[in-house]
Amino acid sequence: MVWLLSAGGLDSWREAWRLSLRDILILTDQQKELRWREELFFNVGRRRAVDALQGHTDLSLLPFFRAAALAGQQEELLQVLDSVAAGSSGDLGVAARCLACIADVLGCLAGEGKGGLRSGPAANPSWAPAFKLLEDGNLPAGVQELANQRKHWLCRPDLLVRAARHYEGAGQILLRKAVMSAREFVFIGQGEMPPMGEWQEVECPARLDLSGGWSDTPPIAFEHGGLVINVAIKVDGKRPIGARVRRVPEPHLLLVSTSGEAACSISTETLCEDLTDLEDYCQPHAPGALLKAVCVCSELVCVSSPVSLKEQLLKHWGGGLEIHSWSSLPHGSGLGTSSILAGAALAAVYRCTGRSFDTTSLIHDVLYLEQILTTGGGWQDQVGGLFGGVKLARSAAQLPLRVEVEQLSLTQDFLSVLQQHLLLVYTGKTRLARNLLQDVVRSWYARLPSIVQNAEQLVTNAEECAEACREGSLVRLGECMDTYWQQKKLMAPGCEPAAVRSMMNALQPLSLGQSLAGAGGGGFLFLLTREPQQKEAVREILTNIQLKRQHRASTKQCCEIQCEVLEFSKEHK
């Protein structure tokens, strides 16, 4: 170029020092160069990880974690993640994601398919001190104690996977604390208590999620933002969920839970006469756990108080309480039973003890209750059963977690048509949402591109569904339901058992749209039929499906739906 652009440059070009590629390589330290480039790559990667976590971005860090594990760069990466977690006391959502990232790094170190399943128990006593620090709100010390314990679990794939489980367990503690911020929006007033012995009864409908479910699930609900369209329903003309409470002279708590239809119901009675009887309120499988959590959440008693249960009850309420709850729906129905039941019980307790509340406060109170019960879950179930009619509910991408509900103004004609075209079918299979929840949360924390995109599409489809309802378009509503079912299957693979798939395929000619209720995996299927009053036609199709013997009887049950249009405050007896 010098020769071309300037006169006399040819001689200097000819006299210039020439180096071949071999000459250059002789003058370099190739190992140092490659090592420097590798260090630069991982320095940049760690910086990007910090920026992604602190900036709440949707960058997937899992490929970088795998690269770091393969290159033996995990130690510095783990220290960086520890530092971000410990410094995130003001944003527990970031801290929880950091701990989930550490769990992913440990899983990468174990190797794919080695060390056992990621989902499993996280109750080794060695980790208990760290968990206790996190529960007590001492985040920096808790993260440091986790790191101290981690050093002893790095030598074998099985130990690495077990350590990953405990990091996920620690992350769940922080996630629960983040969701508990919803209690900022609970406002309870104090009035006059009704007479001793007078029952306060609350009955609630079930809920059908028409679109947007999973976007209401923390941390998605406050990291991405959630939007759900659902409807309150009667099943066979009845509100299937309820609770009643009365004050009694004896200073104890009598908790009675009943499930199933009246002819074949099962009741569990739990008598609490001491504070120690309530200590297992945070263990979901303990007898009466949900009603015990209601007692704690509603501040009937303080479990950690040095004052005895008897003294607390006499001082505040003049005696004890008898609390009954019931649901006629099968276990694992997918119709939001447990959350709605918690809302009904809280409402009955507040009325019995002379306290006032609004439905919005009750929704956030249930969110808080499910965190102390440790079942987790989102907010759409209680919205569906405590607010009447068809509604749009949303939460913004922020903490504290706040839910806003808008009841859709639909014409009476469209509601009438909707009732004639909606059917419930019990599949005969049950699968608890908690079995799916851990996998979904893990995928979201890893920011798998498919999950991030699906979360966005869930919200978009929910907006389309709301517009279809406003327009009164059954065809468009059915399309949204079908799209929603595909989104559910992408969010939680395995939520469509083969028997259910056979049913849905057989019902396809009759339906404009269909989906399993709730998280999927079993429970109730609901469909929007092309023609009105198709109950018998659906029943006939189901009786002809060649299912396994254990499913045949249950899949023939078909229930009509009646849309609830009353406000919750007007529904109680």
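Here the structure is a predicted model, which is why all the values come from computation and not from measurement.
Side-chain N/O atoms of Tyr484 and Asp209 include a donor and acceptor closer than 3.5 Å. Using modelled atom types and a 3.5 Å distance limit, the side chains of Glu496 and Trp485 yield a donor-acceptor pair. Side chain to side chain, Asp58 and His224 fail the donor-acceptor criterion of an N or O pair below 3.5 Å. Donor-acceptor pairing under 3.5 Å is recorded for the side chains of Glu370 and Ser339. A side-chain N or O of Asn230 and one of Gln380 form a donor-acceptor pair less than 3.5 Å apart. When only modelled atom types and interatomic distance are considered, Gln73 and Glu39 share no side-chain donor-acceptor pair under 3.5 Å. Of the N and O atoms on the side chains of Ser20 and Asp23, at least one donor lies less than 3.5 Å from an acceptor on the other residue.
Looking at every heavy atom in both residues, Ala221 comes nearest to Asp216 through CB-O, 3.3 Å. Closest of all the heavy-atom pairs between Lys177 and Leu92 is CB-CD1, 3.6 Å. For Ala122 against Phe131, the heavy-atom pair with the smallest separation is O-CE2, 3.6 Å. Across all their heavy atoms, Phe41 and Ala67 have their closest contact at CE2-CB, 4.4 Å. Taking each heavy atom of Pro400 and Ser181 in turn, the nearest pair found is CA-OG, 3.2 Å. For Leu329 against Ala206, the heavy-atom pair with the smallest separation is CD1-CB, 4.0 Å.
Checking side-chain atoms of Ser395 against main-chain N and O of Val403 turns up no donor-acceptor pair under 3.5 Å.
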Check: residues 79-88 side-chain donor-acceptor pairs under 3.5 Å, at least two apart:
from  : atom 1 : to     : atom 2 : distance (Å)
Asp82 : OD1    : Arg150 : NH1    : 3.1
Asp82 : OD2    : Arg150 : NH1    : 3.3
Asp82 : OD2    : Arg150 : NH2    : 2.8
Ser88 : OG     : Val84  : O      : 2.5

List the atom pairs, with distances to 0.1 Å, where a side-chain N or O of residues 459-469 and a protein N or O form a donor-acceptor pair under 3.5 Å, not counting sequence neighbours.
from   : atom 1 : to     : atom 2 : distance (Å)
Thr460 : OG1    : Glu456 : O      : 3.1
Asn461 : ND2    : Cys480 : O      : 3.1
Glu464 : OE1    : Arg476 : NH2    : 2.9

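In summary, Glu404 and Arg394 do not engage in a salt bridge, as defined by a charged side-chain N under 4.0 Å from a carboxylate O.
A cation-pi contact links Arg183 to Tyr368, judged by a cut-off of 6.0 Å to the six-membered ring centre and 45° from its axis.
Within the model, atoms CZ of Phe65 and CD1 of Ile102 stand 8.5 Å from one another, a figure rounded to the nearest 0.5 Å.
Note: Trp153 and Trp127 meet the aromatic proximity criterion, with ring centroids under 6.0 Å apart.
Just one residue in the list Val366, Val228, Thr217 forms a side-chain contact (heavy atoms from CB on, under 4.5 Å) with Trp379, and that residue is Val228.
Other residues, nucleotides and ligands contribute only 12 or fewer heavy atoms inside 6.0 Å of the CZ atom of Arg37.
Here Phe64 pairs with Phe42 under the ring-ring contact (aromatic ring centres under 6.0 Å, His included) rule; sequence neighbours left out.
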